[in-house]
Amino acid sequence: PLCSNNNPYASFGATLARDEEQNLWSTPHDVTHTEADDDRVLYNMIVVRNQLDKDSEEWQKLNYDIYTLRQTRKEVRSRWKHILEDLGFHKEADSLLSVTKLSIVSDSQNMGKARDILLKLSEETNIFPTSWELSERYLFVVDRLIALDAADEFFKMASVVYPKRASGERADERQRAPQ
């Protein structure tokens with residue numbers, strides 16, 4: 001018989017919940033957390049939500065907003081990973097997308113080019129949702145792609161896989177062949 005005093009798994013649920021709240025990027029135990037502005041926004045939302053009564057409407061709204069933001073981040077990361085894998089970076093995709101507080105820019109002279117490419121990705125593709133504010137995280141990723149001489153190929157692939165649609169245009173209209 002397991003008694004709670006000797007059970008090493010007794011606090012497992014509490015640990016997972018605590019890890020989930022501390023994780024600001026997307027999933028529990030994600031070691032790629034960084035303290036960027038968008039992480040601070042999410043962190044502040046979590047702090048405010050935790051001070052509210054769980055039965056309140058405000059708590060439910062904040063909880064939904066937190067969940068939505070995390071899901072959006074997961075979707076964006078998934079899009080980037082998909083393109084990296086299509087470019088042949090199957091084994092390296094996760095490490096290329098891994099950004100921590102200790103991440104450094106490979107070459108400071110590439111930073112201007114990285115910003116330009118990131119802005120171009122934002123304006124000319126749908127790799128980011130429309131309401132997305134550019135994240136510093138992806139500046140590091142683009143910098144890595146420049147160092148690997150793969151940034152231009154990444155942009156070309158993103159343009160094909162996630163093309164920018166005119167407002168109101170549906171995806172199936174773009175794919176339909178002219179008659």
Residue from Arg77, Gln71, Arg73, Arg79 passing side-chain hydrogen bond (donor to acceptor under 3.5 Å, both in side chains) with Glu75: Arg79
Backbone of Leu118 reached by a side-chain donor or acceptor of Ser122 within 3.5 Å: no
From Trp80 atom CH2 to Leu84 atom CG, the distance as rounded to the nearest 0.5 Å: 7.5 Å
Residues in side chain to side chain contact (heavy atoms under 4.5 Å, CB included) contact with Thr130, at least two apart in sequence or another chain: none
Note: Asp65-Lys61 ion pair, threshold 4.0 Å (strictly below): yes
Sub-4.5 Å side-chain heavy-atom contact between Asn110 and Val142: no
Test log, rule side chain to side chain contact (heavy atoms under 4.5 Å, CB included), inputs Val48 and Leu62: CA-CA 8 Å; Val48 170; Leu62 268 175; 3.5 Å; yes
Side chain to side chain contact (heavy atoms under 4.5 Å, CB included) against His82, all qualifying residues, sequence neighbours excluded: Asp86, Val161, Tyr162
Nearest-0.5 Å distance, CG of residue Leu119 to CD of residue Glu124: 9.0 Å
Note, His90 side chain near Glu85 side chain (heavy atom, < 4.5 Å): yes
pair Leu145-Asp152: side-chain heavy atoms closer than 4.5 Å: no
From Leu97 atom CG to Glu92 atom CD, the distance as rounded to the nearest 0.5 Å: 11.5 Å
Joint cluster assignment, Ile46 & Val41, ILVMFWY side-chain distance < 4.5 Å: yes
Atom pair CZ (Arg144) and CG (Leu139), whose distance is rounded to the nearest 0.5 Å: 11.0 Å
Aromatic plane relationship, Phe128 with Tyr138 - under 30° parallel, 30 to 60° tilted, over 60° perpendicular: perpendicular
Partner of Phe154 under side-chain contact (heavy atoms from CB on, under 4.5 Å), chosen from Leu96, Leu121, Leu148: Leu121
Within 6.0 Å of CG in Asp53, more than 12 heavy atoms from elsewhere: yes
Within-4.5 Å side-chain heavy-atom neighbours: Asn126 and Pro163: no
Flag side-chain contact, heavy atom, 4.5 Å: Lys164 against Thr125: no
Side-chain donor/acceptor of Ser159 to backbone N/O of Phe155, under 3.5 Å: yes
Spacing of CE belonging to Met111 relative to CZ belonging to Phe140, to within rounding of 0.5 Å: 6.0 Å
Any side-chain heavy-atom pair of Ile66 and Arg70 under 4.5 Å: yes
Interatomic distance, Gln60 atom CD to Asp55 atom CG [nearest 0.5 angstrom]: 7.5 Å
Check: Ala114 main-chain N/O paired with Asp143 side-chain donor or acceptor under 3.5 Å: no
Minimum-distance pair of heavy atoms, taken over all atoms of Ala150 and Leu87: O-CD1, 4.5 Å
